[in-house]
Undergrad: 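Below you'll find the structure I mean.
Nothing here was measured: the structure is a model prediction, and the numbers come from that model.
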Amino acid sequence: MKTVTDTAHCDDLMKALETFREQGSLIERWGAELARRLSAGGRLLVAGNGGSAAQAQHLTAELVGRYRDDRAPFSALALHADTSSTTAIANDYGVQEVFARQTAAHGRPGDVLMLLSTSGASANLLAAADRAHRLGLTVWALTGRAPNPLHLAADDSLCVDAPVAATVQELHLVAVHMLCESFDQAVGSGEPAATARAADHPADARGNGPPAASHQGDSRPGASNRGDGRPATSHRGDGRPDPSHRGDGRPGANGRAGGRTEGQVDGARPDGPAGPAARPAGLPVGPGTAGTRPRRAEGDA
């Protein structure tokens with residue numbers, strides 16, 4: 001009978017840690033890549049069963065909250081944490097679909113799905129990996145000993161060489177913390193800044209050319225509603241200057257704060273396509289917005 005003084009558990013952990021240390025460069029690469037994608041408006045989805053579910057939720061908490069130092073929050077969802085959705089899907093579609101269906105609901109091309117499993121054989125995780133690939137997501141896996149089905153199904157994987165599930169989970173937690181440290185270093189060093197700036201200024205809602213000058217919050221006229229790069233000094237659609245936006249009788253850049261459109265009641269929002277309601281989600285609307293991450297369009301819950 002083993003007693004509390006038995007060190008076999010620690011010995012197993014130390015032995016597994018020797019080979020785990022060799023995975024440091026992989027985790028560092030994951031952290032930098034995750035920083036690039038999330039800074040550009042992407043999302044991390046994470047899933048696991050049992051103890052691995054706890055590890056998955058630990059990771060999302062570090063990204064939405066913070067790991068060490070204060071920084072901006074980033075989008076990360078632990079798919080098992082929505083108990084109503086999870087149980088409803090299990091009841092209506094079967095347990096195998098609980099993560100795959102949520103991946104289809106929340107995932108977008110370019111997002112990352114990270115799956116944690118000590119065995120690498122969980123059917124619901126394998127189904128989620130398959131669904132993610134069909135939707136254009138990248139799949140990373142934290143598993144036990146390789147080879148295993150999940151390791152083979154993922155785009156990239158970190159496999160812990162240990163015979164005991166408890167040891168695998170303990171080193172998965174180490175991997176989570178190392179990933180968060182690498183992520184924070186990449187964000188703090190500004191590595192993903194160029195990608196984030198590009199995502200802050202998408203071409204427009206249709207992807208036609210560079211952002212309009214009027215979105216920059218300065219006094220230059222721009223084609224804010226034309227998306228074709230040609231200047232349009234009014235919202236009237238006939239190319240003639242419309243001084244009503246300035247409120248002072250002088251022609252000016254369209255859409256400036258404090259102006260009024262024709263027929264607009266004081267304090268009301270413009271009803272036409274030039275109004276704020278029609279502005280594409282995620283585009284900067286004035287000074288001080290550069291460097292912020294783009295917002296998702298409504299419906300991208």
Side-chain angles (χ1 to χ4, degrees), residues 12-13 16-17 19-20 22-24 26-31 33-34 37-38 42-65 67 74-83 85-86 89-90 95-104 106-107 111-133 137-183:
D12 290 342
L13 180 60
L17 184 60
T19 56
F20 175 83
E22 300 172 3
Q23 306 280 3
L26 170 63
I27 299 173
E28 184 177 4
R29 176 164 56 82
W30 279 5
E33 177 64 14
L34 195 61
R37 297 198 188 197
L38 269 58
R43 173 177 288 172
L44 173 68
L45 307 180
V46 193
N49 296 290
S52 294
Q55 304 283 33
Q57 198 163 344
H58 189 131
L59 173 57
T60 59
E62 303 282 26
L63 295 176
V64 177
Y67 175 58
F74 290 88
S75 182
L77 290 175
L79 299 182
H80 67 278
D82 185 349
T83 55
S85 292
T86 300
I89 295 168
V95 176
Q96 183 168 324
E97 278 291 302
V98 293
F99 299 134
R101 192 167 180 84
Q102 291 186 78
T103 297
H106 300 302
D111 288 350
V112 175
L113 174 66
M114 179 175 285
L115 303 172
L116 289 78
S117 173
T118 58
S119 68
S122 300
N124 54 14
L125 298 181
L126 292 170
D130 178 68
R131 189 73 53 85
H133 281 140
L137 282 74
T138 298
V139 179
W140 295 344
L142 286 175
T143 75
R145 278 180 167 170
N148 60 70
L150 185 57
H151 152 248
L152 298 174
D155 295 299
D156 212 350
S157 59
L158 188 159
C159 304
V160 175
D161 186 12
V164 181
T167 304
V168 174
Q169 287 178 345
E170 287 160 359
L171 289 180
H172 281 180
L173 179 57
V174 175
V176 164
H177 285 161
M178 291 175 66
L179 177 62
C180 292
E181 186 168 357
S182 175
F183 178 90

Undergrad: Might you work through the side-chain contact (heavy atoms from CB on, under 4.5 Å) test for F99 and N49, ending with a clear yes or no?
TA: CA-CA 10 Å; F99 299 134; N49 296 290; 3.7 Å; yes
Undergrad: Which atoms form the tightest heavy-atom contact between E62 and C180, and what is the distance?
TA: CB-SG, 3.4 Å
Undergrad: How far does NE2 of H106 sit from CG of L79, to the nearest 0.5 angstrom?
TA: 6.5 Å
Undergrad: Are there more than 12 heavy atoms of other residues, nucleotides or ligands under 6.0 Å from atom CZ of R131?
TA: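 Check passes, neighbour count above 12.
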Undergrad: Would you call D111-R43 a salt bridge at under 4.0 Å N-O?
TA: no
Undergrad: Assess the residue pair T138 and R37 against the criterion (side-chain hydrogen bond (donor to acceptor under 3.5 Å, both in side chains)); give the C-alpha distance rounded to whole Å, side-chain angles, the decisive distance to 0.1 Å, and a yes or no.
TA: CA-CA 11 Å; T138 298; R37 297 198 188 197; 2.9 Å; yes
Undergrad: Quick check: do L13 and E170 have side-chain heavy atoms less than 4.5 Å from each other?
TA: yes
Undergrad: Taking all non-hydrogen atoms of both residues into account, name the closest pair between G120 and P149 and its distance.
TA: O-CD, 3.2 Å
Undergrad: Are L34 and V112 packed together at the side-chain level, in the sense that at least one heavy-atom pair is separated by less than 4.5 angstrom?
TA: yes
Undergrad: Taking all atoms of both residues into account, what is the closest heavy-atom pair of L171 and A16, and its distance?
TA: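 Nearest heavy atoms, L171 then A16: CD1-CB, 3.6 Å.
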Undergrad: Atom OG of S52 and atom CG of L142: how far apart are they, to the nearest 0.5 Å?
TA: 8.5 Å
Undergrad: Counting only N and O atoms by type, is there a donor-acceptor contact under 3.5 Å from the side chain of H80 to the main-chain atoms of A53?
TA: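 Yes; judged by distance alone, with no hydrogens or angles, the pair exists.
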Undergrad: Measure the spacing between CG of D12 and CG of L17 and express it to the nearest 0.5 Å.
TA: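 Reported value, rounded in 0.5 Å steps: 12.5 Å.
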Undergrad: Can you tell me how far the CE atom of M178 sits from the CG atom of L158, to the nearest 0.5 Å?
TA: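 If I round to the nearest 0.5 Å, the distance is 8.5 Å.
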Undergrad: Any heavy-atom pair between the side chains of V164 and T118 that's under 4.5 Å?
TA: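 Side chain of T118 against side chain of V164, heavy atoms only: no contact under 4.5 Å found.
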Undergrad: Checking W30 against D156 for the side-chain hydrogen bond (donor to acceptor under 3.5 Å, both in side chains) test, could you report, in this order, the C-alpha distance in whole Å, the side-chain angles of both residues, the deciding distance, and whether it holds?
TA: CA-CA 9 Å; W30 279 5; D156 212 350; 3.2 Å; yes
Undergrad: Does Q169 offer a backbone N or O that forms a donor-acceptor pair with the side chain of Q55 under 3.5 Å?
TA: yes
Undergrad: So, taking the atom named CG in L113 and the one named CD in Q102, what distance separates them when rounded to the nearest 0.5 Å?
TA: 11.0 Å
Undergrad: Under a 3.5 Å distance rule, please check whether N148 uses its side chain to pair with a backbone N or O of A121 as donor and acceptor.
TA: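 No: the side chain of N148 does not pair with the backbone of A121.
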Undergrad: To the nearest 0.5 Å, what is the distance between CD on E33 and CG on L179?
TA: 11.5 Å
Undergrad: In this structure, are over 12 heavy atoms from other groups packed under 6.0 Å from E28 atom CD?
TA: no
Undergrad: Work out which heavy atom in T60 is nearest to a heavy atom in A78; give both atom names and the distance.
TA: CG2-N, 3.6 Å
Undergrad: Looking at every heavy atom in both S117 and H172, which two are closest together, and how far apart are they?
TA: O-CE1, 3.9 Å
Undergrad: Can you name the nearest heavy-atom pair linking V168 to G144, along with the distance?
TA: CG1-CA, 3.9 Å
Undergrad: Tell me, do V46 and L77 make a side-chain contact under 4.5 Å, heavy atoms counted?
TA: no
Undergrad: Mind checking whether V174 and F20 have side chains closer than 4.5 Å, heavy atoms only?
TA: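 Yes - at least one pair of side-chain heavy atoms lies under 4.5 Å apart.
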